[in-house]
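Below: one structure, written as structure tokens.
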Amino acid sequence: MRSVIVNARALLSLSQGVTPKLSTQRYAAAVRNFASVSSSSLVTYTKAGNVGVIGMDDGKMNSFSFEMMNQLNDKLDDIENDQDVKAVVLHGNEKCFSAGFDLGVMMGKDKNAVADMITEGCKIGLRLFEHRLPIVIGCTGHGLAMGAITLLASDLRIGPPKGTKAKIGLNEVAINVSPPIFMLE
């Protein structure tokens with residue numbers, strides 16, 4: 001636990017513009033340590049000193065499903081209610097930060113569900129972008145579609161360790177799908 005607190009404090013110092021005391025390799029290790037938190041829920045929240053650590057892990061590609069977004073909002077509420085938290089670290093699981101919206105919904109026939117999913121994703125992106133605290137994302141792997149937008153909504157992004165075959169980008173263009181307008185503004 002001590003190494004997690006030390007690493008969280010180092011990430012907080014980086015988010016505040018302070019010269020980090022850890023090497024790039026140690027920062028990558030810090031992100032991997034944060035990603036190792038396990039729970040039966042899709043989104044976990046722990047504190048490491050005065051850093052709120054939110055982890056997303058659906059066991060696969062961390063799709064922004066309705067349940068994932070609800071749990072993420074709940075954890076952001078917890079942080080908003082904790083005045084001791086001075087920064088937020090958000091991370092995915094070992095193989096992926098997030099591959100975007102739940103494709104089962106996005107490719108389905110229920111257009112209202114698609115619209116609701118895009119609306120909820122927009123709210124999360126805006127909430128992260130406007131958050132009163134610095135948001136640091138430990139990008140543990142792929143960051144695609146809404147995952148890439150979430151990365152852009154943060155104050156600081158720490159990429160996956162060197163050698164990781166992670167893709168980051170808006171794959172909508174490659175599959176000839178227009179991204180939702182909020183992603184472009």
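Counting from 1, the numbers follow the sequence of the chain as shown. Given the structure is predicted, the values throughout are model-derived calculations rather than measurements.
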A quick test of your reading: do over 12 heavy atoms of other residues, nucleotides or ligands sit less than 6.0 Å from CZ of Phe66?
yes
Determine the minimum heavy-atom distance between Ser98 and Asn62, stating which atoms define it.
OG-O, 2.8 Å
Value rounded to 0.5 Å, distance of OG1 in Thr140 from CE in Met56
7.5 Å
I would like to know whether Leu90 and Val136 meet side chain to side chain contact (heavy atoms under 4.5 Å, CB included); could you show each step before the answer?
CA-CA 6 Å; Leu90 175 62; Val136 178; over 6 Å; no
Side chains of Ile54 and Val89, heavy atoms from C-beta outward: is any pair under 4.5 Å?
no
Side chain to side chain contact (heavy atoms under 4.5 Å, CB included) for Ile124 and Leu72? Distances and angles first, verdict last.
CA-CA 8 Å; Ile124 286 185; Leu72 181 56; 3.8 Å; yes
Quick one: does any side-chain atom of Lys86 pair with a main-chain N or O of Gln83 as donor and acceptor, under 3.5 Å?
yes
Any side-chain heavy atom of Val114 sitting closer than 4.5 Å to one from Phe101?
no
Which one of Asp78, Val53, Asp82, Ile79 satisfies the side-chain contact (heavy atoms from CB on, under 4.5 Å) criterion with Lys47?
Asp82
Exam field: side chain Ser41 to backbone Val43, donor-acceptor pair closer than 3.5 Å
yes
Roughly how far, to the nearest 0.5 Å, is the CE atom of Met61 from the CG atom of Leu103?
10.0 Å
Closest non-hydrogen atom pair between Asp155 and Pro134, with its separation:
OD2-CA, 3.2 Å
Under 3.5 Å, side chain of Arg157 to main-chain N/O of Leu151, donor-acceptor pair present?
yes
Within the 4.5 Å heavy-atom criterion, are Leu76 and Asp74 side-chain neighbours or not?
no
If you look at every heavy atom in Gly143 and Ala148, which pair is closest and at what distance?
O-CB, 3.4 Å
Any non-hydrogen side-chain atom of Ile149 less than 4.5 Å from a side-chain atom of Leu170?
yes
Shortest non-hydrogen contact from Ala166 to Gly141?
CB-C, 3.5 Å
One should read off an interatomic distance between Asp102 CG and Met69 CE, to the nearest 0.5 angstrom, of 8.5 Å
Main chain of Asp84, side chain of Asn50: is a donor-acceptor contact present, judged purely on distance under 3.5 Å?
no
Taking Ala115's backbone N and O only, do any of them form a donor-acceptor pair with Thr119's side chain (distance below 3.5 Å, no angle check)?
yes
Between the side chain of Asn93 and the main-chain N/O of Lys60, is any donor-acceptor distance below 3.5 Å?
yes
How long is the straight-line distance from CD of Glu80 back to NE2 of His131, given to the nearest 0.5 Å?
4.0 Å
One should read off an interatomic distance between Phe64 CZ and Glu120 CD, to the nearest 0.5 angstrom, of 12.5 Å
Any heavy-atom pair between the side chains of Val51 and Val85 that's under 4.5 Å?
no
Is His142 reaching over with its side chain to a backbone N or O of Lys167, donor-acceptor style, under 3.5 angstrom?
yes
Say you draw a straight line from CZ of Phe97 to OG1 of Thr150; how long is it, rounded to the nearest 0.5 Å?
5.5 Å
Identify the two heavy atoms, one from Ala153 and one from Gly125, that lie closest to each other, and give their separation to 0.1 Å.
CB-O, 3.5 Å
Smallest heavy-atom separation, Gly100 atom then Ala145 atom, equals CA-CB, 4.1 Å
Between Leu144 and Ile118, is there shared hydrophobic-cluster membership here, with clusters defined by ILVMFWY side-chain heavy atoms closer than 4.5 Å?
no
Between Asp77 and Arg127, does at least one N-O distance fall below 4.0 Å, as a salt bridge requires?
yes
